[in-house]
Amino acid sequence: MKLKLILAILLIVSVITIADDVYIRPQPRKTLHLPWDSKPSSYPQQVHVSLAGDKHMRITWITDDKSAPSVVKYGTLPGDLGQTGWTKSTLDHIGQCKYDVNLIPGDLSYADYIQRRWDTFGRLVQPLASARPWMVTQGNHEVEHLPLLKEGFISYNSRWKMPFEESGSSSNLYYSFEVAGAHIIMLGSYDDYDVHSEQYRWLKTDLSKVDRKRTPWLLVIFHVPWYNSNTAHQGEGSDMMKAMEPLLYAAKVDLAFAGHVHAYERSKRVYNGKLDPCGAVHVTIGDGGNKEGLAHKYIDPPPKWSEFREASFGHGELKIVNSTHAFWSWHRNDDDEPVKSDDIWITSLVSSGCVGQKRNELEHALVTP
């Protein structure tokens, strides 16, 4: 069982210190201006692929002609992002990797109500998104809500349909899927998540169905980080964490990935703010390359749970080797070259004995109304 996942949410640059050497980063790059590429009205544009349940794939595209026929031809051969120069650099690095699935925890196009930016983003990512499944969840830049005039997430839901129905969810904002020994849950930081919400009810149901013999690895992705020692967005994930972390702990989630903060940080295993060998490893990876810049100020001294942190652009790679071990690495963008700056071997909680020890706790947490 081998699986390599790529995680990227994207953002920008400053000065960092590594050991005793000072590395001066290049300046932020401007938003890309992609010229409109005139095509026949029936020509498919912004093609992207996503998983759609067991043994199914969803192919999504846009045409200017609404009456154009929908035809897909396929074969067996190869065949926070934003839209800045650093975004393109990160995408180029991802394109050099061998991976199965790309996971993005929100803040895709940074369209922010400007609908043509959804189109330019779709064209920017098409070379990668049409070749491998892109599984996404929403961030604050996808909300696009206008009180009394426009409901939220209309563009996001229309353009990036995920397998929510296939996983028993009633909303495209949260869903789950399985791939190569991992059960992966995508949660919505901007939908209701308290203990009385539909998302909370769905999460309990979904966790209760996880078979750790078939999928020994359990991953969760959401936008707003719960464990964050950066000064940016402090406390924004506290309410969601208070409601949902007990469920994830009871289910023994191995890894939790988030974005939102424009920097990188990896925690030790932690639960309820304290080190816990049966808690999840939390990774904030909101450093894909967008226009807002990096969040380079951290709280000092760092909390005991914080293992590694750096304000740089980059992407992460997770290689699930087998049912017991996975290798995580984070690659910084160094003058357009990917440089591995953090890595760790992770042992699954199934193999550590945490799942078996906590079975009664799990059943109580997931069954109790």
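- Without hydrogens or angle criteria, Thr231 side chain to Lys297 main chain gives a donor-acceptor distance under 3.5 Å.
- At a threshold of 4.0 Å, the pair Asp192-Arg201 does not count as salt-bridged, since none of the basic side-chain nitrogens sits closer than that to a carboxylate oxygen.
- Side-chain atoms of Asp107 come within 3.5 Å of backbone atoms of Asn140 as a donor-acceptor pair (strictly under, hydrogens ignored).
- The aromatic rings of Phe257 and Trp328 sit tilted, their planes meeting at an angle between 30° and 60°.
- No donor-acceptor pair closer than 3.5 Å links the side chain of Ser306 to the backbone N or O of Pro303.
- No donor-acceptor distance shorter than 3.5 angstrom exists from the side chain of Ser351 to the backbone of Thr347, with no hydrogens or angles considered.
- Between the side chain of Arg332 and the backbone N or O of Asp342 there is no donor-acceptor pair closer than 3.5 Å.
- For the residue pair Ser155 / Gln115, a side-chain donor-acceptor distance below 3.5 Å is found, with atom types taken as modelled.
- Each of His145, Gln138, Glu144 was scored for a side-chain contact (heavy atoms from CB on, under 4.5 Å) with Phe153, with one residue passing: Gln138.
- Of all heavy-atom pairs between His260 and Pro225, the closest is CB-CD, 3.7 Å.
- Within the 3.5 Å criterion, the main-chain N or O of Ile299 finds no donor-acceptor partner in the side chain of Ser229.
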Where do Trp330 and Glu265 land on the side-chain hydrogen bond (donor to acceptor under 3.5 Å, both in side chains) test, with the steps shown first? CA-CA 10 Å; Trp330 175 70; Glu265 183 165 19; over 6 Å; no
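- Side chain of Glu245 to backbone of Ala243: no donor-acceptor contact under 3.5 angstrom is found.
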For Arg58 and Glu166: C-alpha separation, side-chain torsions, deciding distance, then whether salt bridge (Lys or Arg N to Asp or Glu O under 4.0 Å) applies. CA-CA 12 Å; Arg58 176 176 287 115; Glu166 292 85 345; 3.1 Å; yes
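- Ring orientation note: the planes of Phe177 and Tyr175 are close to parallel, at an angle under 30° on the 30°/60° scale.
- For the pair Lys252 and Tyr249, the cation-pi criterion (under 6.0 Å, within 45° of the ring axis) is fulfilled.
- Judged purely by atom type and a 3.5 angstrom limit, Glu178 has no side-chain atom pairing as donor or acceptor with the backbone of Thr215.
- Put simply, CH2 on Trp160 and CE on Met135 are 10.5 Å apart, with the number rounded to the nearest 0.5 Å.
- In summary, Glu317 and Lys340 do not engage in a salt bridge, as defined by a charged side-chain N under 4.0 Å from a carboxylate O.
- Residues Glu307 and Arg269 are not paired through a salt bridge, judged by the lack of any N-O separation under 4.0 Å between the basic side chain and the carboxylate.
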Stepwise, does the side-chain hydrogen bond (donor to acceptor under 3.5 Å, both in side chains) test hold for Gln199 with Ser197? CA-CA 5 Å; Gln199 181 174 194; Ser197 67; 5.5 Å; no
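- One distance of note links CG of Asp194 with CG of Asp239; it measures 9.5 Å at 0.5 Å rounding.
- Note on Asp206 versus Lys209: no salt bridge recorded, every NZ/NE/NH1/NH2 to OD/OE distance being 4.0 Å or above.
- Between Asp300 and Arg309, at least one side-chain N (NZ, or NE/NH1/NH2) sits under 4.0 Å from a carboxylate O, which counts as a salt bridge.
- Taken from CG in Leu207 to CG in Leu248, the straight-line distance is 6.5 Å, to the nearest 0.5 Å.
- In this structure, Thr284 contributes its side chain and Ala258 its backbone to no donor-acceptor pair below 3.5 Å.
- Hydrophobic clustering keeps Ile154 apart from Ile114 (ILVMFWY residues linked when any side-chain heavy atoms are closer than 4.5 Å, directly or through intermediates).
- Ion pairing between a basic and an acidic side chain is recognised when a charged N comes within 4.0 Å of a carboxylate O; Arg212 and Asp254 show such pairing.
- With hydrogens and angles disregarded, a donor-acceptor distance shorter than 3.5 Å links the side chain of Glu142 to the backbone of Leu108.
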Starting from the C-alpha separation in whole Å, work towards a yes-or-no answer on side-chain hydrogen bond (donor to acceptor under 3.5 Å, both in side chains) for His331 and His315. CA-CA 5 Å; His331 304 254; His315 74 277; 4.8 Å; no
